[in-house]
Amino acid sequence: VARTAGLGAAARERLTLGLPRGRPDQRPGRPALIRTAVVTALVLFALFALPQLLSLYYIDTMTQVAVYSMVALGLGLLVGQVGLISLGQAAVLAIGAWSAARLLFATGTPYPVVLLEAGLITMVLGTVIGLPALRLRGLYLALITLMLAGAITVVLATTNFPNGGHGFLGYNGSSVHIPPIRRPSIASGDPAYFRYSVIVATAMFLLVLVHIRGRPGRAWAAIRQSEPAALAAGINTTLYKLWAFALASFITGVAGGVLAGAVHYLYSIDFQTQDSITLLAVVLMGGAYSLWGAIVAALLYQLLPALLNSWGVSADWLTILFGLGVLQVLTTAPAGLADQVPRDLARLGRFLARRARRPAPAEDGTP
Amino acid sequence: MPSWPDFQPFIVSGLALGGVYALSGVGLVVLYRATGVLYLAFGAVGAMGALITWSLVRAGTPGWLAWLVCAGFGGAVTLAYGLVFGPALARRDPLVKAVATLGLTLVLFGLMDLLWTSSGGESRSISLPTDGHGFTIGQVQVNWTQVIALAAGVVIAGGCGAFLRYSKLGTAMRAMANDRDITATLGVPVRRVEAAAWLGCGILAGVAGLLLADLVALDATTLTFLVISSLAAALIARLRSLAVTFAAAIAVGLIHDLLTPIQSLSNYRDMTPFVLAAVALLVVSRRRVIAMSREET
């Protein structure tokens with residue numbers, strides 16, 4: 001009995017840390033309007049101002065940030081919304097990148113179609129792998145994703161990524177002049193490709209937002225709190241867990257497609273089991289319960305190494321930092337930086353406001 | 001298709017590898033049963049211990065001291081982690097506890113890359129004095145390190161089984177595996193028993209790292225993730241039975257090495273532990289159980 005009560009408290013704690021979802025009033029209130037305005041302004045800033053402000057080095061970095069924000073979005077969806085932990089997202093990303101590269105070399109279809117196809121292929125593979133794995137829960141599910149990712153990494157090291165060769169694998173080991181993976185004709189330059197990737201990422205975030213606000217989001221929240229309770233409430237837990245897996249794989253596959261065009265050349269050495277672990281680390285640090293967390297995670301994962309690199313600091317310090325970050329997040333701040341920083345800032349703001357007008361009563365608690 | 005003599009040397013090396021996997025797998029299972037923590041940093045700890053040993057030997061430290069340092073380092077790091085984060089995470093889900101040890105893995109990994117940079121192209125290796133001596137069975141050379149590796153696996157698996165069954169501390173560990181709260185109520189010093197499990201597992205990590213560095217390669221990434229293989233053995237045993245862990249570890253080591261001479265499969269032999277563990281997990285979990293119990297199925 002005590003156990004159930006403890007579980008309930010933990011679930012309540014997690015629920016309050018999550019996104020405000022399923023509100024009774026559907027009319028957008030003022031905070032919602034402000035939030036939409038801020039997000040729109042940020043997207044417009046990224047689209048039009050950032051490419052003007054940054055050097056080519058940082059534009060490339062920000063393209064990677066856009067790509068990995070999608071990967072973090074997919075993983076954050078699994079971890080934060082459904083409560084499943086995947087230790088194999090780097091392998092899923094590799095599948096997406098592989099499919100996109102193969103399609104881009106084999107066909108002349110427009111880039112958005114290729115992205116969609118890569119996403120769908122990854123989704124099908126992710127679902128096929130996920131279906132048997134969903135019998136497992138918790139620790140064992142996380143470990144089986146680690147095992148499958150390890151197996152995929154071994155296969156990739158042997159097959160390599162397509163580089164314009166013939167046959168199903170499309171790998172030409174002896175070729176000297178390897179053609180680069182093409183980009184969309186409207187976005188062949190680096191700034192244009194950055195804008196392109198931001199637009200794709202925005203679309204993916206909207207896709208997830210629609211899911212979270214709707215029926216799947218509520219089902220996922222129920223599953224995350226207690227699977228037996230969700231089952232008892234008549235939720236088809238297998239369907240919704242599989243749905244989450246499919247959606248996360250789709251997004252990661254699309255991210256792989258964008259990545260293929262961004263880097264022009266893909267190497268299997270860039271998709272290691274260690275990367276999956278680091279990805280989970282940054283997603284936990286960024287905050288898995290909020291969509292902002294995905295962006296924070298991508299900034300941690302791609303922008304910080306670029307900054308350290310330009311300052312001449314070894315990126316190994318970052319690995320250490322991520323490790324400490326995971327320990328800190330798991331022991332003290334389950335909702336990550338995306339939750340912790342605004343909350344601490346708000347607390348600081350309230351503290352300062354109270355200092356400024358001490359005689360007046362506090363106003364923030366009134367409805 | 002290669003003939004029988006081609007396979008013979010790989011039986012020996014496979015058994016040796018399996019022995020080390022068994023030793024690590026048993027360490028993982030015992031720690032998991034006693035504390036509920038799946039120690040995913042096992043490989044990283046062993047790798048760092050082996051690298052420290054390499055540096056010490058190069059600086060002129062006598063071999064036996066450097067090996068002791070390796071085992072001691074594993075024990076010290078693991079015990080420190082257990083003392084700091086064990087109580088803090090004691091009431092959390094097994095998944096959270098396991099992911100937290102990935103944090104330690106990343107810290108150690110970063111430290112290893114920082115302190116023993118691989119950019120120099122300098123290849124490191126550890127050789128134990130037992131490498132040079134051995135005997136032959138038929139036409140196959142066997143060196144004493146391989147014998148020690150297999151023997152260590154057998155002794156540790158058997159020893160741990162006996163320890164858990166007959167000693168007082170082992171009984172306490174088994175009790176804690178069943179129910180931590182009731183065990184504490186019965187007056188067992190829970191923290192101290194857990195500390196003993198952490199220390200033992202850490203020492204095994206150091207020993208496994210040293211042996212693997214000698215048998216396979218001294219490289220941070222390889223060693224860190226080679227222990228995923230012993231994890232596979234532990235998973236096949238559902239993190240429960242020491243005997244199954246031992247058998248599975250030997251099987252993983254043998255199959256991995258026996259695939260080497262088969263040309264079409266040779267490149268894929270590193271998949272062995274992953275595939276075996278995945279299949280085992282899926283077969284064992286055929287029946288879907290919904291339970292609210294503390295123990296995750």
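In what follows, every chain begins at residue 1, and chains take the letters A, B, ... in the order their sequences are listed.
In this structure, chain A has a heavy atom under 4.5 Å from the side chain of B:A88, while its backbone stays farther away. At a 4.5 Å heavy-atom cutoff, the contact between B:L38 and chain A is made by side-chain atoms alone. Interface residue A:L87: only side-chain heavy atoms are found under 4.5 Å from chain B. Interface remark: A:T159 contributes side-chain atoms only to the contact with chain B (heavy atom separation under 4.5 Å). Of the atoms belonging to B:L89, it is side-chain heavy atoms, and not backbone ones, that fall under 4.5 Å from chain A. Looking at B:L108, there are no atoms closer than 4.5 Å to chain A (heavy atoms on both sides), in backbone or side chain. At a 4.5 Å heavy-atom cutoff, the contact between B:A277 and chain A is made by side-chain atoms alone.
In terms of non-hydrogen atom pairs under 4.5 Å with chain B, the most contact-rich of A:I152, A:L148, A:V155 is A:V155. Note: B:L235 leads B:V275, B:L235, B:T224 in heavy-atom pairs under 4.5 Å with chain A. Put simply, of A:T153, A:I144, A:L280, A:V326, the one with the most heavy-atom pairs under 4.5 Å next to chain B is A:I144.
By the side-chain hydrogen bond (donor to acceptor under 3.5 Å, both in side chains) test, A:Y68 pairs with no residue at all, sequence neighbours left out. For B:Y81, the side-chain hydrogen bond (donor to acceptor under 3.5 Å, both in side chains) test picks out no residue, with sequence neighbours left out.
Below 4.5 Å, heavy atoms of chain B meet heavy atoms from A:S314, A:D316, all part of residues 306-316 of chain A.
In this structure, the side chains of A:F322 and B:L102 stay at 4.5 Å or more apart for every pair of heavy atoms. B:L106 is not listed as a side-chain neighbour of A:L324, based on a closest heavy-atom distance of 4.5 Å or more. Counting only heavy atoms from C-beta outward, the side chains of B:D113 and A:T319 never approach each other to under 4.5 Å.
Evaluated for a side chain to side chain contact (heavy atoms under 4.5 Å, CB included) with B:V96, the options A:L330, A:I85, A:L139 yield exactly one hit, A:L330.
How far CG of B:L114 is from CD1 of A:I320: 5.5 Å, rounded to the nearest 0.5 Å. Annotation: the span from A:L143 atom CG to B:F274 atom CZ amounts to 12.0 Å, rounded to 0.5 Å.
For residues 270-287 of chain A, no residue pair satisfies the side-chain hydrogen bond (donor to acceptor under 3.5 Å, both in side chains) rule, not counting sequence neighbours.
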